[in-house]
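Numbers here are sequence positions counted from 1. What you see is a predicted model; the values in this text were computed from it and never measured. Order of appearance sets the numbers: ligands from 1, and atoms from 1 within every ligand.
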Amino acid sequence: MSSGPELGVCYYPEHWSEDLWITDAQNMHKNGIRWVRIAEFAWSRIEPNPGKYEWEWLDKAVDILGSNGLKIVMCTPTPTPPKWLVDQMPDMVAIDENGRPRNFGSRRHYSFSHLGYQKESQRITEAVAKRYGQNKFVQAWQTDNEYGCHETTYSWCSSSLTQFRKWLEKKYKSIDELNKSWGNVFWSMEYRSFSEIELPNLTVTEANPSHNFDFRKFSSDQVKNFNSQQVKIINEYSPERPVSHNYMGHFVEFDHREVSKDLEIAAWNSYPLGNLQNMQIIAREDKKLVRDCFNMGDPDFQSYHHDLYRGMGRLWIMEQQPGPVNWAKYNPIPKAGAVRMWTWEAFAHDAEVVSYFRWRQAPFAQEQMHAGLMYRDNTPAVGSREALQVAQEIQKIKLPRTQKSEIALLHDYEACWMTELDGQTEDFHYTRLMLDFYKAIRVNGGSLDVVGKEADFKGYKLVIIPSFVHLSSEIFNKIALSGAKILAGPRTGIKTPDFQIPKNLSLEGLGYQVTRVDALPRELPIEVEWKGIKGHLSVWREHGNSSGVSEGNSKDGMPVITSGNKGSYLCGWPDSNLLSAIMKDQMTAAGLKSISLPEYLRVRQRGDLLFFTNYGEQKAVIPDFYKGDIILGSRKMGQADVTILRSEG
Ligand code: GAL
């Protein structure tokens with residue numbers, strides 16, 4: 001465990017002439033950087049020809065960086081298999097859904113299921129781990145880089161097919177079981193043996209959702225398998241060093257909780273502006289937010305991911321946006337102060353390290369337009385000044401241990417896949433729904449934990465389940481037994497784990513029996529009134545019979561919320577005003593304090609410290625509700641400002 005939060009940077013010694021390395025290392029250290037991540041794309045320099053390793057340059061880089069006071073995160077270089085390897089095994093490249101190969105010439109051109117590539121990945125991992133596992137400067141590891149990036153989780157190749165059939169056979173044992181579970185009698189899709197099964201692409205119309213769902217679970221397992229093969233080797237050669245992987249924002253194609261079980265550090269790459277521009281669903285629906293926050297990012301997106309991933313391991317931000325990126329629809333310059341604010345916000349959410357991507361802007365190849373902490377001419381860019389400021393500030397503030405929050409938000413990858421595969425309305429977007437509920441707590445001053453179904457729910461006062469399609473009554477009862485107040489959202493408990501409609505369309509104890517569903521475009525909301533507040537439900541509206549206490553009404557005659565002996569049920573997807581009023585009410589009923597914060601002001605509690613961030617263009621004043629001494633910043637906050645207050649309780 002590090003003693004306090006630290007800063008890091010991603011560095012590519014192979015991009016620069018050796019005579020720059022020493023001054024780079026010295027400048028990093030001067031700039032308050034203590035960690036440096038290297039080598040994740042360096043395979044062609046480590047092994048330029050099959051079996052002929054060239055370590056001298058990397059040894060030298062490690063030595064220079066380390067002896068200048070930097071701790072190294074060493075990576076396995078498997079996201080970028082070199083050309084000679086692809087030529088040796090041309091069938092290792094992934095195949096896209098339309099049957100086209102994902103060719104050499106960028107990165108991530110491999111199929112997780114290719115046994116030959118798995119062997120190669122283990123071989124190169126072993127070579128690197130053997131060489132640096134006990135190196136005193138190498139203090140942590142990263143496997144590969146951004147699993148699944150550029151739509152590479154799924155491969156529709158023959159290796160996937162072979163492995164998929166084996167996976168199915170292991171799961172179902174008999175083909176009759178599979179046929180029954182998938183409901184293959186529908187459209188004469190029955191199989192006589194596992195060897196008849198194909199991958200669920202290139203079908204005339206949609207493939208059977210159960211087929212697709214199993215393919216997603218299989219593909220997720222392939223990522224887990226690939227990662228754990230590497231982790232096992234690293235742990236053998238470098239047992240005392242923690243292993244991480246760097247996940248992405250807004251990315252749900254594999255079960256990160258499962259992959260994280262093999263890792264100590266759950267890192268992610270935070271690109272607030274790129275993510276705001278690229279999250280189409282927000283871009284389409286929240287024009288005001290995209291306009292107001294275009295140079296700072298969504299005020300909750302980063303926090304949501306910090307909370308999501310810190311639930312899976314020690315939290316690091318392995319790549320932090322330092323200036324404009326190159327890959328989003330639009331790539332604005334961050335507002336002055338934003339890089340500092342994002343960094344502090346990560347620390348507020350328990351990050352141990354925030355590491356900027358990258359040290360110096362690359363003058364060649366794909367990411368020339370991507371900022372670094374240094375400009376191409378080696379003068380400091382804006383981000384580096386802000387990083388330095390944080391480096392100085394963290395020296396002065398001792399961060400307390402974080403505590404379990406009083407509110408939990410239940411998140412589940414399989415539930416997400418099910419809603420995607422059986423959409424019913426194009427606008428039902430799982431992460432968007434999560435974020436809406438998360439925001440609705442945050443605008444009322446709440447701090448939350450984002451948890452999976454295996455969490456220990458004891459100690460929570462309020463558990464929110466925005467949507468969990470196949471929530472079993474066992475898990476639901478476990479949550480109910482914790483004594484927490486429960487609010488479940490639309491589309492909870494309406495499928496069996498093998499993707500069929502259960503006998504009862506609703507979970508017992510929420511006061512509602514769903515009978516049918518109005519699945520709508522967001523532009524056609526339904527007017528409702530709840531406790532005197534006029535609002536809307538949109539996208540998903542459940543019709544049914546109330547058997548408990550009902551609240552609210554609407555033109556369609558259905559309630560807004562129902563309650564039974566185990567919790568409450570929200571029978572649709574409310575607009576943000578209504579949802580935030582409902583959350584306030586839930587918080588009060590759970591015995592929690594709340595306050596309506598100014599529009600873009602947010603707060604997160606860590607121990608007795610409260611961290612405020614202002615994502616708004618307007619100045620924001622911290623309400624008197626929050627009493628205590630200011631230890632950083634001031635009560636009057638400018639745009640992209642951070643204030644830390646020691647709470648009086
Ligand atoms: C990340 C990736 C980095 C770099 C960066 C640019 O997704 O891990 O290698 O490409 O984006 O923003």
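Both tests pass for Arg360 against the ring of Trp16: distance under 6.0 Å to the centre and angle within 45° of the axis.
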For a quick test of your reading: what N or O donor-acceptor pairs under 3.5 Å do the side chains of residues 8-15 make, sequence neighbours left out?
{"unit_1": "Tyr11", "atom_1": "OH", "unit_2": "Asp24", "atom_2": "OD2", "d": "2.6"}
{"unit_1": "Tyr12", "atom_1": "OH", "unit_2": "Arg37", "atom_2": "NH2", "d": "3.1"}
{"unit_1": "Tyr12", "atom_1": "OH", "unit_2": "Glu40", "atom_2": "OE2", "d": "2.5"}
{"unit_1": "His15", "atom_1": "ND1", "unit_2": "Arg358", "atom_2": "NH2", "d": "3.1"}

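Ligand 1 lies nowhere less than 4.0 angstrom from a heavy atom belonging to Arg358.
Applying the 4.0 Å criterion to heavy atoms of Phe41 picks out, from ligand 1, the atoms 9 (O). Near Trp327, the atoms of ligand 1 lying under 4.0 angstrom from a non-hydrogen atom of the residue are 6 (C), 12 (O). Close contacts between ligand 1 and His370 involve ligand atoms 6 (C), 12 (O) [criterion: under 4.0 Å to a heavy atom]. Listed by number with element, the atoms of ligand 1 under 4.0 Å from a non-hydrogen atom of Glu146 are 1 (C), 2 (C), 7 (O), 8 (O). The Asn269 neighbourhood of ligand 1 comprises atoms 8 (O), with distances under 4.0 Å to a heavy atom of that residue. Set against the non-hydrogen atoms of Asn145, the atoms of ligand 1 under 4.0 Å away are 2 (C), 8 (O), 9 (O).
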Start with the C-alpha distance between Asp307 and Tyr438, add both sets of side-chain angles, then the distance that settles side-chain contact (heavy atoms from CB on, under 4.5 Å), and finish with yes or no. CA-CA 10 Å; Asp307 287 339; Tyr438 182 86; 2.6 Å; yes
Walk me through it: do His411 and Tyr430 pass the test ring pair (Phe, Tyr, Trp, His ring centres under 6.0 Å)? CA-CA 10 Å; His411 171 275; Tyr430 183 82; 5.7 Å; yes
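Side chain to side chain, Asn227 and Tyr147 meet the donor-acceptor criterion of an N or O pair below 3.5 Å.
Shown here is Ile333, whose CD1 atom has no more than 12 heavy atoms of other residues, nucleotides or ligands within 6.0 Å. Environment of OH in Tyr330: sparse, with no more than 12 heavy atoms of neighbouring residues, nucleotides or ligands closer than 6.0 Å. The 12-atom threshold is exceeded at CG of Leu20, counting heavy atoms of other residues, nucleotides or ligands nearer than 6.0 Å.
Residue, atom and distance of the protein heavy atom nearest to atom 10 (O) of ligand 1 are Glu367 OE2, 2.4 Å. For atom 5 (C) of ligand 1, the closest heavy atom belonging to the protein is Tyr271 OH, 3.3 Å.
Proximity annotation for atom 9 (O) of ligand 1: of Met318, Glu319, Arg107, Gln366, Arg107 comes nearest, heavy atoms only.
Between Glu40 and ligand 1, no N or O atom pair is found at a separation short of 3.5 Å.
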